[in-house]
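One structure below.
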Amino acid sequence: MDYQDCAYARLYLDRLANIRASDDGSDDWALTSEAARYTALWMSYEDTIRVADLKIRGTALRARVEGGWGCGMAR
């Protein structure tokens, strides 16, 4: 798997750690909950870019293996 692995989950939790540490829970952890929600949204937006990049890389590699492209080579 090229994305959303255990390291990616750790990154999510690491991004929330400082916010969680500063949230006293007096308002039912609203700060942490909102930060978690927006961080997940931001990271899922980033996923779209990562997935597109992975697909492009796969397509470019496949094109080169199957006949190449660029420098006057047939696609």
Side-chain angles (χ1 to χ4, degrees):
M1 182 182 304
D2 291 319
Y3 67 102
Q4 290 185 338
D5 54 4
C6 289
Y8 199 64
R10 268 192 300 279
L11 176 62
Y12 172 76
L13 295 174
D14 289 345
R15 288 177 172 166
L16 293 175
N18 290 335
I19 294 168
R20 167 60 178 86
S22 64
D23 191 350
D24 64 7
S26 63
D27 57 357
D28 198 27
W29 305 102
L31 175 63
T32 302
S33 295
E34 286 300 301
R37 186 169 77 92
Y38 281 104
T39 301
L41 287 171
W42 176 72
M43 290 178 77
S44 67
Y45 173 78
E46 188 181 66
D47 277 352
T48 303
I49 296 166
R50 291 173 127 187
V51 169
D53 183 51
L54 291 170
K55 286 184 177 183
I56 289 169
R57 287 183 192 177
T59 301
L61 178 62
R62 194 175 319 111
R64 287 187 179 179
V65 169
E66 292 174 358
W69 62 349
C71 300
M73 295 176 66
R75 190 167 185 203

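Residue numbers start at 1 and run along the sequence shown. The structure displayed is predicted, hence computed values, not measured ones.
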- Task: Give the other cluster members for L31, using side-chain heavy-atom distances under 4.5 Å between Ile, Leu, Val, Met, Phe, Trp and Tyr residues; answer none if it is isolated.
- Result: I19
- Item | Any pair counted as side-chain hydrogen bond (donor to acceptor under 3.5 Å, both in side chains), so long as it reaches residues 10-23, sequence neighbours left out | D23-T32
- For residues 28-44, the salt bridge (Lys or Arg N to Asp or Glu O under 4.0 Å) pairs (sequence neighbours left out) are E34-R37
